[in-house]
Amino acid sequence: MPDFRLYNTLTRHIEPFAPADGTTVRMYTCGPTVYNPAHLGNFRTFLFEDLMRRTLALRGWRVHQVMNLTDVDDKIIKRAHEQGKSIVEVTGPVIAAFHADRVFLRIQAAEAYPRATDFIPQMIALVQRLIDRGVAYQAEDGSVYFAISKFPSYGRLSRLDTREIKSGARVIQDDYSKENAQDFALWKAAKQEDEAAGAAWDSPWGRGRPGWHLECSAMAMDLLGETLDLHCGAVDLIFPHHEDEIAQSEAATGKTFSHVWCHGAFLLTEGAKMAKRVGNVSTVQGLREERISSAAIRHFVFNTHYRKELNLSDEALEASRQAVRRIGDFADRLGSETTLTLGGTPELARAADVAVELAEAALFDDLNAPEALAALFDFIRAANAELDRRGGDRSAVERARAALTRIDSVLDIVPGREAPDDGLVAWVEERLAARKAARQARNFADADRIRAELVGRGVVIEDSSAGTTWKVV
RNA sequence: GGCGCCGUGGCCAAGUGGUAAGGCGGCAGACUGCAAAUCUGCUAUUCGUCGGUUCGAUUCCGACCGGCGCCUCCA
C-alpha cells in the first residue's frame with residue numbers, strides 16, 4: 001500500500017492519513033453561503049476538495065463527502081428583506097447557479113448537499129445537549145451562546161488561544177448579552193426581519209434561527225457520525241468557524257470531531273484576497289464568457305499547490321490554456337485509431353508506467369498536483385517521441401491510454417471536444433478535398449487560400465503522412 | 001499589537017542539507033511545398049538581502065526588506 005500523507009492544520013505537520021474504518025473516508029467540506037453566486041476564489045477551495053476526493057478514490061478508498069449549503073444567515077436575510085422575498089426565494093436560484101458552475105468546472109458531486117434549513121431539529125437537539133452539559137447558556141436577549149471558558153482546549157486549531165484585540169484587528173461589535181466577548185451564538189433569537197423572511201423556527205428558547213457554526217456540526221454529525229476522518233475548507237475558516245465547530249461538537253460528544261483538518265489557501269487578484277467585499281471577484285460565468293475552458297481553469301488551479309496562495313492573472317490563464325491545448329492534442333493522438341494501428345514501443349509502455357508511479361506518489365504526498373502535472377508533461381513528451389517511431393505494439397499504446405486515463409481521473413484536465421455539427425463537417429470535408437486536389441496539382445496558392453478559409457471559421461488543420469486532420473479551436 | 005504564510009529564470013511554479021522538476025513564452029534546428037502539430041538543443045553557476053551553523057545551504061537558524069492572510073460569522 002502506498003503512503004498517503006496530508007498536512008493537518010491541527011498539528012501543523014504532514015502526517016500519514018487513512019480512514020478510521022480502513023475503507024471509507026468520511027469527509028466534510030464547508031460549502032457556500034448561498035446569497036450570491038460563488039466566485040472563483042470560492043471555487044478554488046471546491047476544486048481543492050475535488051482534488052482531495054478524487055485522490056482519495058485513486059488511492060483505493062471510498063469517499064463519503066458532505067458539503068453543506070448555508071441557506072440561512074445574516075446576508076441572506078438582508079437580501080431577502082431588500083427584495084421583499086423569503087430566504088427560500090433568495091437561495092433557490094443561487095443554489096442552482098452553484099451547481100451549474102460546479103458541473104462546468106468538472107467538480108464531482110458530493111454524496112450529500114444538506115441545507116441548513118432542513119436540519120433545524122438536529123441543531124436544536126445539539127444546542128439542548130450543550131445546555132444540558134452546562135457549556136451553553138441562554139442570555140437576556142434570548143439567544144443561546146457557547147461558553148468558551150467551559151471548553152479548555154478552545155483555540156487549539158487556530159492557535160489563537162491567547163487572543164487579544166489590538167489595533168489593526170477588526171472592531172468587535174458590542175454585545176452586552178454575552179457573558180464573555182468571545183462566546184459565540186449557537187441559537188439567535190428571531191428579529192422582525194427574520195420572521196418576515198421565513199427565517200425563524202420554534203425552539204425551547206423561543207423563536208429563532210441557528211448560528212452559522214452550529215449548522216456544520218449538526219449536519220456533519222448527523223450525516224457522517226460524531227467523528228469524521230477529514231474536514232476541509234479554506235484558511236479563513238480556521239478561526240472562528242472551525243474552532244467553534246470543534247468546541248461545540250466535542251463539548252457535546254466528548255469525542256474527537258475530526259481527526260484531520262485540511263485548509264486551502266486563497267486565490268488572490270491584483271495582490272489581494274478575492275472577496276466580494278473587496279470587489280475584485282471573478283465569476284465562473286465571467287470566465288465562460290471569455291471562453292476559458294474548465295480544463296484550463298483546473299490546470300491553472302492545480303498548477304499551484306493547494307496550500308500556497310495563487311494569483312489570478314490573464315497571463316497565467318493564457319499559459320494554462322496553452323498547456324491544456326497540448327494535453328488535448330496528445331489525448332487526441334493517443335486515442336486515435338491511426339495511433340493504435342501504428343503502435344508503440346517498449347519505451348512507450350515504460351514511460352506510461354513511470355508517469356503513473358510519479359503522479360500517484362506526488363498526489364499521495366499531500367496532494368502535490370503541480371508535481372503530478374510535471375509527471376504528466378514528461379510523459380507527454382516521451383510518449384510523443386516514441387509514437388513518432390511507430391513501434392507497432394498495440395499493447396504499448398493501450399498502456400499509455402490507461403496511464404493518461406488514470407492520471408486524468410484525478411486532474412480531469414483533458415479538454416473536451418465538442419462534436420462539430422454535421423453541416424460544418426460536410427463543409428470542412430469538401431474544402432479539404434479541394435485543398436488536397438490543389439496540393440496534388442502543386443497549386444499551393446489555392447491550397448493556402450483554402451486553409452485560410454478554414455481558419456477563418458475556427459478550423460485548424462494538420463497535415464501528416466497519414467493524412468490531414470482538423471479540429472475546431 | 002498577536003498569530004501565521006510567502007518571496008525560485010521574461011511569466012506561472014515544484015523541490016531537496018550535496019549542488020535547481022514541469023508549464024507558458026523566446027531562440028535555433030529536424031519534419032513540412034509553406035504551415036500546424038511533434039521532436040531535438042539552448043534559454044537561473046542560481047533560488048529577496050545580509051549574517052550564522054555546516055566539509056557543503058536555495059533547503060536549517062537569526063536579522064532585515066518586500067508581499068499576503070487571520071485576529072467573531074469571509075472559501
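Lettering follows sequence order; numbering is per chain, from 1.
Between D378(A) atom CG and rA21(B) atom P the separation is 11 Å, expressed in whole Å. One can place CG of L376(A) at 17 Å from P of rA14(B), the figure rounded to the nearest angstrom. One atom, CZ of R321(A), and another, P of rC24(B), lie 14 Å apart when rounded to the nearest Å. Rounded to an integer number of Å, the gap from K78(A) NZ to rC74(B) P is 12 Å. Between Y145(A) atom OH and rU72(B) atom P there is a gap of 16 Å when expressed in whole angstrom units. Between the CD atom of E245(A) and the P atom of rC74(B) there is a distance of 14 Å, given to the nearest Å. Atom C1' of nucleotide rC6(B) and atom CZ of R307(A) are separated by 12 Å, given to the nearest angstrom. If you measure from atom CG of N303(A) to atom P of rU8(B), you get 15 Å, rounded to the nearest angstrom.
Across the strands present, rU58(B) finds no partner; the criterion is a Watson-Crick or G-U wobble pair with both atom distances under 3.5 angstrom. Pairing for rU32(B) is absent, with no Watson-Crick or G-U wobble pair whose two atom distances lie under 3.5 Å. Across all strands shown, rU16(B) remains unpaired; no Watson-Crick or G-U wobble contact has both distances below 3.5 Å. Pair assignment for rG4(B): rC68(B), on the basis of Watson-Crick or G-U wobble contacts that are both within less than 3.5 Å. In a base pair of the Watson-Crick type (N1 to N3 plus N6-O4 or O6-N4) or a G-U wobble (N1-O2 and O6-N3), with each distance short of 3.5 Å, rG25(B) is matched with rU43(B).
A donor-acceptor contact closer than 3.5 angstrom is absent between the side chains of N368(A) and D365(A).
When the C1' atom is used for both rG41(B) and rC31(B), the distance is 15 Å, rounded to whole Å. One C1' atom belongs to rA44(B), the other to rG26(B), and the distance between them is 15 Å to the nearest Å. Comparing rU49(B) with rC12(B), their C1' atoms sit 24 Å apart, to the nearest whole Å.
For F257(A) and H231(A), the distance between ring centers is under 6.0 angstrom.
Checked for salt-bridge contact, D412(A) and R106(A) meet the test: a charged N lies under 4.0 Å from a carboxylate O. Between R79(A) and D73(A) no salt bridge is recorded (no basic side-chain N to carboxylate O distance below 4.0 Å). Taking 4.0 Å as the cut-off between side-chain N and carboxylate O, K191(A) and D194(A) do not count as a salt-bridged pair. A salt bridge between D50(A) and R54(A) is present, with a side-chain N of the basic residue lying under 4.0 Å from a carboxylate O of the acidic one.
With hydrogens and angles ignored, no donor-acceptor pair under 3.5 angstrom links the side chain of K308(A) to the base of rC12(B). One donor-acceptor pair, N or O on each side, does fall under 3.5 Å between the base of rC74(B) and the side chain of R277(A). Applying the 3.5 Å distance criterion, the base of rC74(B) shares a donor-acceptor pair with the side chain of K273(A).
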Encode nucleotides 30-42 of chain B as B, S and - characters from 5' to 3', where the letter depends on protein heavy atoms closer than 4.0 Å: B to the base, S only to sugar-phosphate, - to neither. ---BBBBSSSS--
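If you check every strand for non-hydrogen atoms under 4.0 Å, H213(A) touches nothing. Using a 4.0 Å heavy-atom cutoff across all strands shown, N368(A) reaches sugar-phosphate atoms only and no base atom.
Taking all atoms of both residues into account, the shortest heavy-atom contact from F98(A) to M67(A) is CZ-SD, 3.8 Å.
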Kindly indicate, with the supporting measurements, whether the criterion side-chain contact (heavy atoms from CB on, under 4.5 Å) is fulfilled by T91(A) and I76(A). CA-CA 8 Å; T91(A) 58; I76(A) 294 169; 3.8 Å; yes
